[in-house]
Amino acid sequence: MPNKNLLNVESHILDMQRLHPSASGDFTSLLGDIAFAAKVIAREVTRAGLVDILGSTGASNIQGETVQKLDDYANAIMLKFVGRRGQVCLMASEELPDPVRIDFREGSGKYVVVFDPLDGSSNIDANVSIGTIFSIYRRRSRIAAICNDDLLQPGRELAAAGYVVYGSSTMFVHTTGHGVHGYTLDPGIGEFLLSHENIKIPFAAGIYSVNEGHEPLWSPAVREVVRRLKYGRQESGGMSARYIGSLVADFHRNLLYGGVFLYPPTTKAPLGKLRLLYEAAPLAMIAENAGGYASDGAGPILDLVPQGVHQRTPLYLGSRETVLWIEKMLADPEFGSGSNGGGSGRAV
Ligand code: AHG
Ligand code: MN
Ligand code: MN
């Protein structure tokens, strides 16, 4: 059904601004800049096989991961177009070792932006959905010139969060704390048009997403959680397994269909693989504003105070009932110890 309102991101934000005067013109133009950067990245993603942008750069980033050419490209586009009108005092990226100071003239630089320019980059050459994730914090310092510490804020303080998923269509999804809204890119007019207003995630998950190849590295309790997700906690029996290997794509599907994404700690990575500031926290804000929940296994992701830009965290993300159940199971010291977990796979 064609979009009846032809509302793009900026117009929709302005409409909502009338309801929530807290958002400023700077904020609206900042979201517009991010949407513009996403369109430029989408153009390269959709023709990646035709231009010399597939494959790796041969370099590795601060995470020790091989940097794909599209990682670098997306990072450069975000740095070039986001905050170009003085709205941002500081930016940080998965692909940069340290934050970048942007604009700290008097009266400018009200926001701090953190982003994962390209999420799921191991999937690029296989033409599997990938994404971009962003967080927007208000500067807390009185003046923009001293805003370095304004980066390490808990997700509860986020002014906005969102992602772009470059899939069969390109979608921009964000929340400013007043619902979660999705916009689909119409290549014909080059605009993201409102297509999914006020997204709500189903309360209980029907899908679980985890890399089962890591099972030998999980704790007994995590193994038991995944086993019960498989064998069924409800009379209806187990769930479906879906794992794309791009967090944004796995999360977007679970957001619309109902599901739980798990990236648990492993013996090799006690805090798991995913980063708090530019992966877990922004998606946690989206999940909670859509009626879902996000936990590190012990409590809300949104309450974690980051100690560093690239800090990692275990992540259980998605349908509220299921993530709360996982958190409850992991809080029980006996759970999975064999005394009550090694059952026949019966529904429990
Ligand atoms: P990025 O490409 O930004 O480094 O993120 C990749 C992440 C995330 O997208 C995905 O959920 C996860 O890596 C997959 O990790 P595994 O291959 O260990 O399952
Ligand atoms: Mn990522
Ligand atoms: Mn990335």
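When a ligand or atom number is given, it counts from 1 through the structure's own listing order. Position 1 is the first residue of the sequence; numbering continues from there.
Side chain of Arg275 to main chain of Leu277: no donor-acceptor pair is present (N/O by atom type, distance under 3.5 Å, no hydrogens or angles). The main-chain N or O of Pro154 is never found under 3.5 Å from a side-chain atom of Asp303 such that the two would form a donor-acceptor pair. Counting only distance, with no hydrogens or angles, the side chain of Thr28 and the backbone of Leu14 share no donor-acceptor pair below 3.5 Å. Listed for the Thr175 side chain is no donor-acceptor partner under 3.5 Å among the backbone atoms of Ile286. Within the 3.5 Å criterion, the main-chain N or O of Arg140 finds a donor-acceptor partner in the side chain of Asp150. A donor-acceptor pair under 3.5 Å links the side-chain atoms of Gln307 to the main chain of Val305, judged by distance alone.
In terms of protein heavy atoms, atom 11 (O) of ligand 1 is closest to Leu247 N, 3.3 Å. When hydrogens are left out, the protein atom nearest atom 15 (O) of ligand 1 is Lys273 NZ, 3.0 Å; that is the closest non-hydrogen contact. Taking atom 18 (O) of ligand 1 as the reference point, the nearest protein heavy-atom neighbour is Tyr263 OH, 2.6 Å. Here the heavy atom of the protein found nearest to atom 19 (O) of ligand 1 is Tyr243 OH, 2.6 Å. Shortest contact from atom 7 (C) of ligand 1 to any protein heavy atom: Leu274 CD2, 3.8 Å. Atom 2 (O) of ligand 1 has Gly120 N, 2.8 Å as its closest protein atom, hydrogens excluded (heavy atom only). Residue, atom and distance of the protein heavy atom nearest to atom 5 (O) of ligand 1 are Asp119 OD1, 3.0 Å. Ranking the protein heavy atoms by distance from atom 10 (C) of ligand 1 puts Gly245 O, 3.3 Å first.
For the pair Arg84 and Phe36, the distance from NZ or CZ to the six-membered ring centre is under 6.0 Å and the angle to the ring normal is within 45 degrees.
Atoms of ligand 1 lying under 4.0 Å from at least one heavy atom of Leu118, given by number and element, are 2 (O), 3 (O). Shown in contact with Arg275 at under 4.0 Å from a heavy atom are these atoms of ligand 1, numbered in order with element: 1 (P), 3 (O), 4 (O), 5 (O). Within ligand 1, counting atoms from 1 as listed, the ones closer than 4.0 Å to a heavy atom of Glu65 are 4 (O). The Glu279 neighbourhood of ligand 1 comprises atoms 3 (O), 5 (O), with distances under 4.0 Å to a heavy atom of that residue. Near Ser246, meaning under 4.0 Å from one of its heavy atoms, ligand 1 places the atoms 9 (O).
Neither side chain, Thr57 nor Asp72, offers a donor N or O lying under 3.5 Å from an acceptor on the other. Between the side chains of Thr132 and Tyr166, at least one donor-acceptor pair of N or O atoms lies under 3.5 Å.
Partners of Asn75 under the side-chain contact (heavy atoms from CB on, under 4.5 Å) rule, at least two apart in sequence or in another chain, are Leu79, Ser93, Glu95, Leu96, Phe115, Pro117.
Under the side chain to side chain contact (heavy atoms under 4.5 Å, CB included) test applied with Tyr183, the options Met171, His12, His196 reduce to a single match, His12.
Only the side chain of Phe261 comes within 4.0 Å of ligand 1, judged by heavy-atom distances.
Contact annotation: the side chain of His252 never approaches that of Ser129 to less than 4.5 Å [non-hydrogen atoms, C-beta and beyond].
Within the protein, the N, O or S atoms sitting under 2.8 Å from the Mn ion (ligand 2) are Asp116 OD2, Asp119 OD1, Glu279 OE2.
A salt bridge links Lys39 to Glu191: one of the charged nitrogens lies within less than 4.0 Å of a carboxylate oxygen.
The option with the heavy atom closest to atom 3 (O) of ligand 1, from among Ile124, Ile244, Asp116, Ile130, is Asp116.
Centroid-to-centroid, the aromatic rings of Phe172 and His181 stay 6.0 Å apart or farther.
Considering backbone and side-chain atoms together, Ser122 places no N or O closer than 3.5 Å to any N or O of ligand 1.
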